[in-house]
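What follows is a single structure, written as C-alpha cells, with notes after it.
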Amino acid sequence: MSHKILITGASGGLGGGVLDNLLKLVPADRLVALGRNGARMERFAQAGVEVCIADFDDAAATEKALTGMHTVYLVPTAAPNRMEQHQRVIDTARRTGVQQFIYSGVIHHGEVGQGAIVSDHQQTEQAIIASGIPHTLVRNALYLDVLPMILGNAAGTGVFAYPVAPNGVSLASRADMAEATARIIADPALHGRPHALSSPTAITYAQVAEAYSRVIGKPVRHHDVSMDEHQQHLIAAGIPAPMIPFMVGMARALAEGVIREPGNTLADLLGRTPKTVEQALREAAPAPVGCH
Ligand SMILES: NC(=O)c1ccc[n+]([C@@H]2O[C@H](COP(=O)([O-])OP(=O)(O)OC[C@H]3O[C@@H](n4cnc5c(N)ncnc54)[C@H](OP(=O)(O)O)[C@@H]3O)[C@@H](O)[C@H]2O)c1
C-alpha cells in the first residue's frame, strides 16, 4: 500500500509552509504538492516532490489528484463556494480510499452559525466526521500575520479602534502553525484527535496596543467600538463590499471569545515558545529610515 501524502494549498502560505517543514521529516517521494499555481510550487518539484495542478471546482482533476493517496491534508480555500469544494474533496477521499484525512480549520467554540470565518470550518469538520474516514482536526488560532490589517491606521492615529474581546483572543503565526502541522502529519501517533494550535495565553486588545506602542515608540491605545461602528470604519477605509461581512464576522467571533483557546500544544509541538504578538509586530513594522 502506498503511503503517499497529498498536501493541498501547497502554492499558498499555510500549505507551502507545511510542505517546507514536511520535507525535513518525510522522504520527498512520499509527498505530493497540490495547488492551481505551478510557479509557486517550483521549489517542491526541485526537491523531488510530485506536483499536481488541480482545482477543486474540477471533479475529474480532484479525483485524479486524490487517487492512490494514503493521507490527504486539506487547507481550506477562500472561495465563496468553498463548502462545495471541501465537500467534493471529502467525498472524493472516501471514494478513493484515503486512510487519513487531516484538516486545518480554526479554533472554535459554540454552535454552527457564527459567520463564514468559523461556521465553514465547523461544517467542514462535521462533513469529515460524517465521511467515516479516520481523521485529524487541526484548529488554528487567528494568524498573527493578519494583525497589522486589524490594527489599521493605529500607528497614525494612536487609536486601535476595534470591538472589544473582553477575555482576549488567541493569535499564532502562520509559519509556527505550519511547522507544528507538519509534525502532526508526519507522526501517526498524533493522528485521530483534535489539536488546537494557539498561544499559551490569550491576549487582550489593550495588551496588543501596549505591544504596538513599544514597537513603534509611540503611544497607541485600544478603543472599543460597536459592530455597527466597526462596519462603518471598514466602509470608510475603502474595504471592498464583499469583504465587509467576513471582516465584521471575524470581529464578532473574536469579541464573543469563539477564537480563544490558550494552550501549550503549539509550543510542545515546536519545542520552543511560539512567536509572540510583539515579535510579529516588530517584524511587520516598516524599517526605520536611516541616513546612509
Ligand atoms: N486562521 C486565520 O487567521 C486565517 C487567516 C487567513 C486565512 N485563513 C484560512 O486558511 C487558508 C489558508 O491560508 P493561507 O494563508 O495559506 O492562504 P493562501 O496563501 O491564499 O493559500 C490558499 C491555497 O488554497 C489554494 N486554493 C484556493 N482555491 C483552490 C481551489 N479551487 N482548488 C485548489 N486549491 C485552491 C490556493 O491555490 P493557488 O494559490 O494555486 O490558487 C492556495 O494554495 C485560507 O484559505 C483561509 O481559509 C485562516
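Whatever order the structure lists ligands and atoms in, that order sets their numbers, starting from 1. None of these values were measured; they are calculated from a predicted model. Along the sequence shown, residues carry numbers from 1.
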Original post:
Given H121, R36, M177, R88, which one has a non-hydrogen atom that is nearest to atom 28 (N) of ligand 1?
Top reply: R36
Original post:
Which option, A10, P76, A61, owns the non-hydrogen atom nearest atom 45 (O) of ligand 1?
Top reply: P76
Subject >> R43 with D20: basic N within carboxylate O range, under 4.0 Å >> reply: yes
Atom pairs and distances, donor-acceptor, side-chain atoms in residues 162-173, under 3.5 Å, two or more places apart:
unit_1, atom_1, unit_2, atom_2, d
S170, OG, S198, OG, 3.2
S170, OG, E261, N, 2.8
S173, OG, D176, N, 3.0

Distance-only check: which donor-acceptor pairs under 3.5 Å involve side-chain atoms of residues 184-195, not counting sequence neighbours?
unit_1, atom_1, unit_2, atom_2, d
D187, OD1, A189, N, 2.9
H191, NE2, I184, O, 3.0
H191, NE2, I185, O, 3.1
R193, NH1, A189, O, 3.2
H195, NE2, L190, O, 2.6
H195, NE2, R193, O, 3.4

Original post:
Are side-chain heavy atoms of I107 and L142 found at a separation under 4.5 Å?
Top reply: no
Original post:
Using a heavy-atom cut-off of under 4.0 Å, does the side chain or the backbone of A54 touch ligand 1, or both, or neither?
Top reply: backbone
Subject >> ligand 1 contact by V75, heavy-atom criterion under 4.0 angstrom >> reply: yes
Subject >> Any protein heavy atom < 4.0 Å from atom 17 (O) of ligand 1 >> reply: no
**OP:** For atom 38 (P) of ligand 1, find the nearest protein heavy atom and state the residue, atom name and distance (0.1 Å precision).
**Re:** S11 OG, 3.1 Å
**OP:** Please state whether R82 comes within less than 4.0 angstrom of ligand 1, counting heavy atoms only.
**Re:** yes
Original post:
Is there a heavy atom in A141 that sits closer than 4.0 Å to ligand 1?
Top reply: yes
Original post:
What distance separates D57 CG from E84 CD, expressed to the nearest 0.5 Å?
Top reply: 6.5 Å
**OP:** Among all protein heavy atoms, pick out the one at the shortest distance from atom 10 (O) of ligand 1; state its residue, atom name and that distance to 0.1 Å.
**Re:** Y143 OH, 3.2 Å
Original post:
Can any side-chain N or O of K4 pair as donor or acceptor with the backbone N or O of V32 at less than 3.5 Å?
Top reply: no
Original post:
At a 4.0 Å cut-off, with the gap strictly under it, does some heavy atom of G17 reach an atom of ligand 1?
Top reply: no
Original post:
Does some non-hydrogen atom of the protein lie less than 4.0 angstrom from atom 40 (O) of ligand 1?
Top reply: yes
**OP:** Could you walk me through whether E63 and R95 pass the salt bridge (Lys or Arg N to Asp or Glu O under 4.0 Å) test, one step at a time?
**Re:** CA-CA 9 Å; E63 176 113 14; R95 228 183 11 261; 2.7 Å; yes
